[in-house]
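These notes concern the structure reproduced below.
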Amino acid sequence: MATHFAPLFGLLLLAPLAQAAEQSTLVRVTTYWREEGQLHAASNGTRLRNGHCAVDPKKIPYGSKIILGSEELIAVDTGPAVVSRKAARRSGRSRAEREAMVVDRYFETKSQAVAWERSHPHFMKIQIVTLGKAKALANKVPPRPLPPTPRARSMSPQPAFSMGDPSFSAFSELPTGSLRSARRRTGGDLFLTGLRRGRGPLERLRLSWLETG
């Protein structure tokens with residue numbers, strides 16, 4: 001029973017941590033592309049590619065995973081317009097939108113960037129998973145419980161014959177009186193020796209008892 005409930009108990013323990021690691025945050029999403037001249041990430045100099053984005057590293061650390069709808073982005077770059085939140089302050093209609101962070105998504109071409117902007121709203125809810133919180137989630141996963149050790153089977157001796165065994169039934173039906181009478185007539189030993197041949201161990205045991213009876 002404990003083996004079945006251990007994974008469920010582990011998920012219950014991880015639920016608050018998972019929610020803290022992936023809280024929804026409102027951001028202003030903008031786009032930029034290769035033709036604008038930005039080819040390498042500011043964080044480590046790696047070449048930018050689809051799936052990268054620019055953030056304010058003081059609010060979203062480099063290397064964080066940003067879940068944007070059904071897509072995942074990696075924060076590797078930054079820029080002055082992102083840090084100053086220029087797009088959010090200019091296009092926001094509410095206080096929450098004007099105070100939102102900016103995430104600048106990278107595309108290989110301008111046509112890809114424009115097509116994505118046209119099919120998505122300017123302000124979107126994202127989830128942020130930082131490297132430290134992702135490691136904490138991995139370390140908090142409980143180990144898989146070991147299967148229960150099978151109990152040792154009882155070593156109590158088992159009878160060689162059961163009451164329903166054919167040999168036992170045949171032997172039990174032998175008339176004791178006729179055996180003793182035959183022993184007296186024939187001298188006993190020769191007759192009993194002949195009976196022992198071809199008999200089972202239980203019959204031989206009973207015949208031995210008759211010899212001493």
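Residue indices begin at 1 and follow the sequence shown. Excluded from the calculations below are hydrogen atoms, water molecules and symmetry mates; all remaining heavy atoms, backbone and side chain alike, are included. Everything quoted here is computed from the prediction, not taken from an experiment.
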Next on the checklist: How long is the straight-line distance from CD of Gln127 back to NZ of Lys65, given to the nearest 0.5 Å?
Outcome noted: 9.5 Å

Next on the checklist: If I take atom NZ from residue Lys86 and atom OG from residue Ser91, how far apart are they, to the nearest 0.5 angstrom?
Outcome noted: 11.5 Å

Does the [X] side chain pair with the main chain of [Y], one donor and one acceptor, at a distance under 3.5 Å?
{"X": "Arg28", "Y": "Met124", "result": "no"}
{"X": "Asp77", "Y": "Ala42", "result": "yes"}
{"X": "Arg47", "Y": "Leu39", "result": "no"}
{"X": "Ser64", "Y": "Ile60", "result": "no"}
{"X": "His52", "Y": "Leu48", "result": "no"}
{"X": "Gln38", "Y": "His40", "result": "yes"}

Closest contact, heavy atoms only, [X] versus [Y]:
{"X": "Ala75", "Y": "Pro61", "result": "CB-O, 4.0 Å"}
{"X": "Ala88", "Y": "Ala100", "result": "CB-O, 3.5 Å"}
{"X": "Val102", "Y": "Arg85", "result": "CG2-CA, 3.6 Å"}
{"X": "Val76", "Y": "Ala41", "result": "O-CB, 3.3 Å"}

Checklist entry - Would Met101 and Val55 count as a side chain to side chain contact (heavy atoms under 4.5 Å, CB included) if you check the C-alpha gap in whole Å, the side-chain angles of each, and the deciding distance to 0.1 Å? => result CA-CA 8 Å; Met101 294 184 295; Val55 297; over 6 Å; no

Treat each ILVMFWY residue as a node, draw an edge where side-chain heavy atoms are under 4.5 Å apart, and state whether [X] and [Y] are in one component.
{"X": "Trp116", "Y": "Ile66", "value": "yes"}
{"X": "Phe107", "Y": "Ile126", "value": "yes"}
{"X": "Val103", "Y": "Val82", "value": "no"}
{"X": "Tyr106", "Y": "Leu73", "value": "no"}
{"X": "Leu68", "Y": "Phe123", "value": "no"}

Checklist entry - Does the side chain to side chain contact (heavy atoms under 4.5 Å, CB included) test come out yes or no for Glu35 and Thr109, once each step is laid out? => result CA-CA 7 Å; Glu35 287 87 346; Thr109 64; 4.3 Å; yes

Next on the checklist: Show, in sequence, the C-alpha distance, side-chain angles and deciding distance for Tyr32 and Arg34, and conclude whether the side chain to side chain contact (heavy atoms under 4.5 Å, CB included) test is met.
Outcome noted: CA-CA 7 Å; Tyr32 67 118; Arg34 180 183 300 179; over 6 Å; no

Checklist outcome for this item: Exactly one candidate in Glu117, Lys110, Arg105, Glu36 meets side chain to side chain donor-acceptor pair (under 3.5 Å) with Thr31; the answer is Glu117

Checklist entry - Step by step, would you call Gln112 with Asn50 a side chain to side chain contact (heavy atoms under 4.5 Å, CB included)? => result CA-CA 10 Å; Gln112 292 176 345; Asn50 286 336; 3.7 Å; yes

